[in-house]
2 protein chains.
Amino acid sequence: MLRPLEAPLRHLFGPGPSNVTPRILAAGSRPIIGHMHPEMYEIMNDIKKGIQYAFQTENNMTIAMSGSGHAAMECAVFNTVEPGESVLVAINGIWGERVAEIAERSGTSLLGLQTPYKKGRFSLIAIEKHKPVLFFLTHGESSAGLCHPVDGIGDICRKHNCLFLVDTVASLGAAPIFMDKQNIDILYSGSQKALNAPPGTAPISFNERACHKMFNRKTKPISYLFDMTHLSNYWGCDGKPARIYHHTGPVSGFFALRESLAILAEKGLEESWKKHKEVAAYLYRGLEDLGVKLFIPDRVRLPSVTTIAIPEGYQWRELLSYIMKHHQMEMTGGLGPSMDMVIRIGLMGYNCEKRNADMALNAFADALKNCKKTKA
Amino acid sequence: MLRPLEAPLRHLFGPGPSNVTPRILAAGSRPIIGHMHPEMYEIMNDIKKGIQYAFQTENNMTIAMSGSGHAAMECAVFNTVEPGESVLVAINGIWGERVAEIAERSGTSLLGLQTPYKKGRFSLIAIEKHKPVLFFLTHGESSAGLCHPVDGIGDICRKHNCLFLVDTVASLGAAPIFMDKQNIDILYSGSQKALNAPPGTAPISFNERACHKMFNRKTKPISYLFDMTHLSNYWGCDGKPARIYHHTGPVSGFFALRESLAILAEKGLEESWKKHKEVAAYLYRGLEDLGVKLFIPDRVRLPSVTTIAIPEGYQWRELLSYIMKHHQMEMTGGLGPSMDMVIRIGLMGYNCEKRNADMALNAFADALKNCKKTKA
């Protein structure tokens, strides 16, 4: 404790957090102001506008959580579902598992919809059959490296009076998502992926259908901290003249998030999507040239996080340790259902450059050359 | 959005957040590393040691929440209480009200113990009578400016098989607290008061009695994010060899918290307590010289946050606006039950200096001179 703080410089080429840009680090290190000063409300308004742009939505009920993606996940479930109601969760990786766990703890009647990896589609007949109040889908499945198609699902949900909740933590800014056009009722993301802000804040937006459901509950949401009645007031979204103290938001985290959203707005979404697609394609070619196999078919690959099937004869832990030790570079193994199946490389936002893909490819080739290979 | 981030320099002399020291701002702006890198675990170990020192405890189950004081509050209640169990809450200001609200949402049978301001004591006969599983008390009541005595209460709780939960958000580092000696079973604090870190992290510690209760539940805690089974693993407190991914902690926030705890350890608790007491006494004298009345009797005053009875004939909002406009200085009004009753001045940690007390007194005198006074 009585020695200086140590934190090495690293290439964070895993599934996140990714490297934070110097401009965002600088924003996060500014002297703070009070969480309820008028200037802070201006910054929160900027964040709101930035999220509306990134989500492609005009929803008024658009805020950032004082917490990571899991806080947004719990906020979405806690506010829109009441005990005894039915929730349908598409499980195409770890995030579906997590939402299922959260929904179950909330006393809902849970239906898990197992969706096989590599397919990126499943039958939505369960929505018609079970009439859940909420259907969850992960758009950017970082544990699988899957970008799940979203088109058309919102319409089916609407037809059956079900809210459509989508997780875009790993895909925001990297793969197109259009909250309003795609009839997504609740969308959330994280700060530490393609937005390149430090972890600890999470954009979330609710449309009018979602607001109608969550503000006409019979019971209070289980969490006071994540209660949207209070959060909507804190963020000036409830139309009331005064904001009442609810909790103290992460002022520095909001400075950083504001700046990261400003950078995305300056660059433009189209440009950001294009860049991720190009650099990902470049990485795929490089990996295939090394003779390794990609885990997910091209059609549904997530451009921000690439999953590689573990090369035959290698121990994935050994490859990753080698890359960390010799290249100060993070790549990671699988997570949840993809554990022991894949190695993951993430090139997101600021990190999404061909020169970084080259560095990652070079490190990976070096590891393949120098790590022990057992006979397959 | 497409303009630079604006945040003015302010003297944050309200009840928090307080100004962040340059050294802590610098720590929080370092390039981040992964939330599960070995170097991050070292930093988390430092945080754990720093909290153990600040709390005066040897509890192994000592971590920082990825959220502000409210996250710690919900974590404490969610993990130690099951639906149907009985909770007793001492309400000596807003924080008791908040815990009561949280406990009620958790489906507990709630008993509120109204404790009059200015007394700093109440009868604990309710513990004997109702046998709650948890008794909550705020040590540093920032809305009232009260530092509630804690001695002896832990023993009574222990005798009646009740856990003793204490909020020390506003008092940690400013007024003595001895978690182990005072038989406090669960203690939590915040980062943004006398620790002078940005808001967004919150120290919390559980002793063995609390662990026994929370790890022998029949039901899972309602929140996955705040589930201590997972958080204890993330923080390496559960004795298991591997840490499994739970959520992504606020890496920059932990850098900053680590540094703030290091500063407290370098300075020493005794020295910090002494300094707060001296500067507070100096502020009291100065305020009395201005002819204003302090709200809380000397015996139970909180050294970090001083409450002033609103001077007769003045509008508190006008005084505070004047001070903000002409001195770029935050003082605040009351909160919750103390609303419209007090003005609050906080001089915490880095801000706790006689020169700052002089500045605050000067600004307050200036406001009294220049703001409209109606005939009393």
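Labels below follow one simple rule: chain letters A, B, ... track the order of the sequence lines, proteins then strands, and each chain is numbered from 1. No experiment lies behind these values; they were computed from the predicted model shown.
- Using a 4.5 Å cut-off between heavy atoms, B:Leu261 contacts chain A through both its backbone and its side chain.
- Only the side chain of B:Arg98 comes within contact range of chain A, with at least one heavy atom under 4.5 Å from a heavy atom of that chain.
- If you tally non-hydrogen atom pairs under 4.5 Å between each of A:Pro198, A:Gly249, A:Ala7, A:Gly28 and chain B, the highest count goes to A:Ala7.
- For A:Ala26, no part lies near chain B; criterion is any non-hydrogen pair under 4.5 Å.
- Heavy atoms closer than 4.5 Å to chain A are found nowhere in B:Met36, neither backbone nor side chain.
- A:Glu101 has a carboxylate O that lies under 4.0 Å from a charged side-chain N of B:Lys220, or vice versa, which qualifies the two as a salt bridge.
- Residues from residues 15-23 of chain A that place a non-hydrogen atom less than 4.5 Å from a non-hydrogen atom of chain B comprise A:Gly16, A:Pro17, A:Ser18, A:Val20, given in numerical order.
- For a residue to count as touching a neighbouring chain, one of its non-hydrogen atoms must lie under 4.5 Å from one of that chain's; by this rule A:Gln192 touches chain B with the side chain only.
- Interface remark: B:Glu6 contributes backbone atoms only to the contact with chain A (heavy atom separation under 4.5 Å).
- Closest of all the heavy-atom pairs between A:Ser68 and B:Thr248 is CB-O, 3.6 Å.
- Summarising the geometry, atom CE belonging to B:Met1 is positioned 10.5 Å from atom OH belonging to A:Tyr53; distances are rounded to the nearest 0.5 Å.
- Taking 4.5 Å as the limit, some side-chain heavy atom of A:Leu12 sits within range of a side-chain heavy atom of B:His37.
- With chain A as the partner, the residue from B:Lys49, B:Arg258, B:His247 showing the most heavy-atom pairs under 4.5 Å is B:Arg258.
- For chain B, the nearby parts of A:Ile33 are the backbone and the side chain; heavy atoms of each come within less than 4.5 Å.
- At distances below 3.5 Å, at least one donor-acceptor pair connects side-chain atoms of A:Arg30 with backbone N or O atoms of B:Leu5.
- Counting heavy atoms from C-beta outward, B:Ile32 and A:Pro199 have side chains that approach closer than 4.5 Å.
- Here B:Pro221 is the residue among B:Ala262, B:Gly107, B:Pro221 with the most heavy-atom pairs under 4.5 Å with chain A.
- Contact annotation for A:Phe78: only side-chain heavy atoms (C-beta onward) come within less than 4.5 Å of a heavy atom of chain B.
- Residues forming a ring-ring contact (aromatic ring centres under 6.0 Å, His included) with A:His11 (at least two apart in sequence, or on another chain): A:Phe13.
- Although no hydrogens or angles enter the test, the distance criterion places no donor-acceptor pair under 3.5 Å between the side chain of B:Glu39 and the main chain of A:Pro8.
- Inspection of the A:Tyr224 and B:Arg105 side chains reveals no N or O donor paired with an N or O acceptor under 3.5 Å.
- Using a 4.5 Å cut-off between heavy atoms, B:Ala71 contacts chain A through both its backbone and its side chain.
- Note: A:Ser29 leads A:Ser29, A:Ala27, A:Gly200 in heavy-atom pairs under 4.5 Å with chain B.
- Of the two parts of A:Leu225, the backbone and the side chain both hold a non-hydrogen atom closer than 4.5 Å to a non-hydrogen atom of chain B.
- Shown here for A:Glu74 and B:Ser223, the closest heavy-atom pair between the two residues is OE1-OG, 2.8 Å.
- Heavy-atom neighbours of chain A within the stretch residues 40-47 of chain B, taken at a separation under 4.5 angstrom, comprise B:Glu42, B:Ile43, B:Asp46.
- Residues satisfying the side chain to side chain contact (heavy atoms under 4.5 Å, CB included) test with A:Thr229, not counting sequence neighbours, are A:Phe215, A:Asp227.
- Contacts between A:Arg10 and chain B at a heavy-atom distance below 4.5 Å involve the side chain alone, from C-beta outward.
- Aromatic ring pairs are classed by plane angle as parallel below 30°, tilted from 30° to 60° and perpendicular above 60°; the pair A:Tyr245 and B:Trp95 is perpendicular.
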